[in-house]
Number of protein chains: 2
Amino acid sequence: MTRSTDPVPRATMRDVAAQAGVSLKTVSRVVNEEPGVREVVVDRVRSVAAELGYRHHRGASDLRRRGQRTGAIGVLVQDVANDYSARLLRALEDATRARGLILLAASIDEDPDRERHLVGQMLARRVDALVLMATTPRQDYLLPDIRAGLGVVCVDRAPVGVEVDAVTIDNVGGSRAAVERLLDQGHRRVAFLGDLPNLATAHDRFAGFREALANRGAVPDPALVRHGLRTAEEARRAVEEMLTRSAPPTAIFAARNVLTTGCLLALHHDVGRSTPPAIAGFDDMAHLDLVGRPLLIVRQDVEEIGRTAARLLEERLLSPTRRARSVVLAPELVSYGDPGARRRAPATRPGRAGAAANR
Amino acid sequence: MTRSTDPVPRATMRDVAAQAGVSLKTVSRVVNEEPGVREVVVDRVRSVAAELGYRHHRGASDLRRRGQRTGAIGVLVQDVANDYSARLLRALEDATRARGLILLAASIDEDPDRERHLVGQMLARRVDALVLMATTPRQDYLLPDIRAGLGVVCVDRAPVGVEVDAVTIDNVGGSRAAVERLLDQGHRRVAFLGDLPNLATAHDRFAGFREALANRGAVPDPALVRHGLRTAEEARRAVEEMLTRSAPPTAIFAARNVLTTGCLLALHHDVGRSTPPAIAGFDDMAHLDLVGRPLLIVRQDVEEIGRTAARLLEERLLSPTRRARSVVLAPELVSYGDPGARRRAPATRPGRAGAAANR
DNA sequence: TTGAAAGCGGTACCAA
DNA sequence: TTGGTACCGCTTTCAA
């Protein structure tokens, strides 16, 4: 009596060979579409393979052809559920699809230990390359693997301690442009909401804010600057508190998209006030065109970042010894909810949009 | 002369063994934390491994311990950049983190051929299981692999042609509850916007719409029913067209979240009208609480779906011959932008929320 | 055009 | 407590 529920071991090339009456090597040739096998034999092997439900074992194959690549890429983002990370993952998928690569995805959650752990997991699987939105202060722990041929592209945050390819955006320029626009609109009391300034992106965005003010001969008002905000809720409370001041801000620059959400929440529940502050924010989000409020957004082209990272990776894998390149993309300024037409202008000088720089 | 740029081959267990003056097998024991190795030896091997930048080769290991699991899971969603898919991926990551699993992620894009291709890629990598948001009309192409021990959980869409575990939601009940709520509010001319009804979810959501009307002794007005809408833009045009009718709808039910966006776009550019139609939609999105318009949303608990899928997978891998189980989760109704308090009510009878049913 | 044998990096099994 | 040997599924090399 046969129990149909017993796991049936997978057919191997040996099984296919036996069933087809050829040698194992011939099956290998057929599976890998190598020339030099008679049509008749090819057909027979193919049909037997299908019949037995044969699946090529990529791991065994990669093991034998040592030095070849596994065709897998590790993508380590902050949080795969986050809009930015998810779109980056998708852009990488599209850009690598033609080469048949497969992506291992994982979330770092701003935890350096977790980053190293996940990197270890992926390297144990012998990924050809890593796309890394790093949280560790330095990435030199990757040096032995890079010497062994691992490709690495740092994304969103520049690498520290290693010379690897990178795709980042001009955070300083983007912030400066947004804040300058607010100043052009006549605002003088501009508030800043940002993350912990030991994070490079948060630091740069605050620097851009400061530069914009400095260009007008002004300095930040400490009462209107809040660092270390991590959630929309924290931003909401910060804004509500600011608005009760005797001299409330007339404009607010939120240096992360969740903080922009917090601003919107604060103003949403504060419907009575005569002139709500203008809001500018960093990083686009869904439905900002529907909130019924003018909004100035510094937008990154995430798809372009993904495409660029994939291109750098491809070049790197072709010539592992090439010098590291760093591409800095210029974000753009977008106006939402403008009573007039929708305006778009480059965040930095027009000529520099999309410029790449070697460091 | 040494070229420091030459790729240095990775250290293997053999290298570590030689350098540490022990046998390869001892290194294996240390790496796998097997007992029966003296502390001194463990320490020496560990330090040599670190020195040589040794990385365990999971593929080779899996190859030898045949029948064991690879610790990798393939996640095939419609589009990793889409909010729903991305959150599902994240929920799966969290639910499998404790077991140290790694996720291979890919987007199907509603393309059956692509689904089969990606499944092939992942099975070549010998994933232990697949989480599948299927687009193929039938999934019986997986039968040989399931017999070989592959775990499969279908998510969002019920499996066809195979008996595998599944996590879906009650699309009929969710839609019916939303439309009944509109009818309770006094609406009689309720429009329906949906995807192609040959998709199971689209079909079920229309069925729920019909049932809600039928419970009030009404039938859908063909002029107010639009199938086959795929994008927000298509929905926007459909709504704009409906609103120019002599008898426009007083309420609209959008059966997919992008279609809800389309409705909002249409109404946003139609600010003059005295009484805009009420809107209900299927699937939550970001910032719906900020659009300044009352909105009724059928919300799926994506995280719960992911947790459930992971649980079913774990059970399945523990007992591969267990009968397939199908868990149907009840969505909830959420009111946004309600002038009063935010209300939440179960979409179906309260007692059934989260109910699991064996088919 | 086809096949036999070695070996990729690691683990199982058994012997020392 | 440690090591030798076979071998996982496949590709490489070389011979037939």
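Throughout, a chain's letter reflects where its sequence line sits, starting with A, and its residues are numbered from 1.
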Report task. Assign B:Arg14 to base, sugar-phosphate, or nothing according to its heavy-atom contacts below 4.0 angstrom with the strands shown. Result -> sugar-phosphate
Query raised in the report: Going by atom types alone, do B:Glu115 and B:Thr136 pair a side-chain donor with an acceptor below 3.5 Å?
Result: yes
Query raised in the report: Minimum heavy-atom separation for B:Leu199 to B:Glu110, with atom names?
Result: CD2-OE1, 4.5 Å
Report summary line: note: B:Arg64, atom CZ; D:dG4, atom P; distance rounded to Å ~ 17 Å
Report task. Give the rounded distance in Å between these two atoms: CZ of A:Arg65 and P of D:dC10. Result -> 11 Å
Query raised in the report: Do the side chain of B:Gln78 and the main chain of B:Ile108 share a donor and acceptor less than 3.5 angstrom apart?
Result: no
**Report entry** Bounds of contact between DNA chain C and chain B, in 5' to 3' order, using a heavy-atom cut-off under 4.0 Å
**Finding:** C:dC8 to C:dC13
Query raised in the report: Rounded to the Å, how far apart are B:Leu24 CG and D:dA6 C1'?
Result: 13 Å
Requested in this report: May I ask you to evaluate whether A:Arg10 reaches the phosphate of D:dG9, defined as a side-chain N or O under 4.0 Å from OP1 or OP2?
Outcome: no
Query raised in the report: How long is the line joining CG of A:Leu63 and C1' of D:dT11, in whole Å?
Result: 10 Å
Report task. Tell me what A:Val31 touches on the nucleic acid: a base, only sugar-phosphate, or nothing, going by heavy atoms under 4.0 Å. Result -> nothing
Report task. Round to a whole Å and report the spacing from CD of A:Glu34 to C1' of D:dT13. Result -> 12 Å
Requested in this report: Measure the CE-CG distance between B:Met122 and B:Leu104 for me, rounded to the nearest 0.5 Å.
Outcome: 5.0 Å
Query raised in the report: Within the structure, does a side-chain N or O atom of A:His56 lie under 4.0 Å from either OP1 or OP2 of D:dT11?
Result: yes
Query raised in the report: Quick one: is B:Thr26 getting a side-chain N or O under 4.0 Å of the D:dT2 phosphate, OP1 or OP2?
Result: no
Requested in this report: Give a yes or no answer on whether the side chain of B:Arg99 reaches the backbone of B:Gly71 with a donor-acceptor pair at less than 3.5 Å.
Outcome: no
Requested in this report: Take atom CE of B:Met13 and atom C1' of D:dG3, then tell me their distance rounded to the nearest Å.
Outcome: 14 Å
Query raised in the report: Considering only D:dC8, D:dT1, D:dG4, which nucleotide approaches the side chain of B:Ser23 most closely?
Result: D:dG4
Query raised in the report: Can you find a pair of side-chain heavy atoms, one from B:Arg126 and one from A:Arg55, that are under 4.5 Å apart?
Result: yes
Query - 5' precedence on DNA chain C between B:Arg29 and B:Asn32 (nearest-nucleotide basis) - result: B:Asn32
Query raised in the report: Does any N or O in the side chain of A:Asp165 come within less than 3.5 Å of the main-chain N or O of A:Arg325, such that one atom is a donor and the other an acceptor?
Result: yes
Query raised in the report: With nearest nucleotides of DNA chain C determined for B:Lys25 and B:Ala60 from heavy-atom distances, which residue corresponds to the more 5′ nucleotide?
Result: B:Ala60
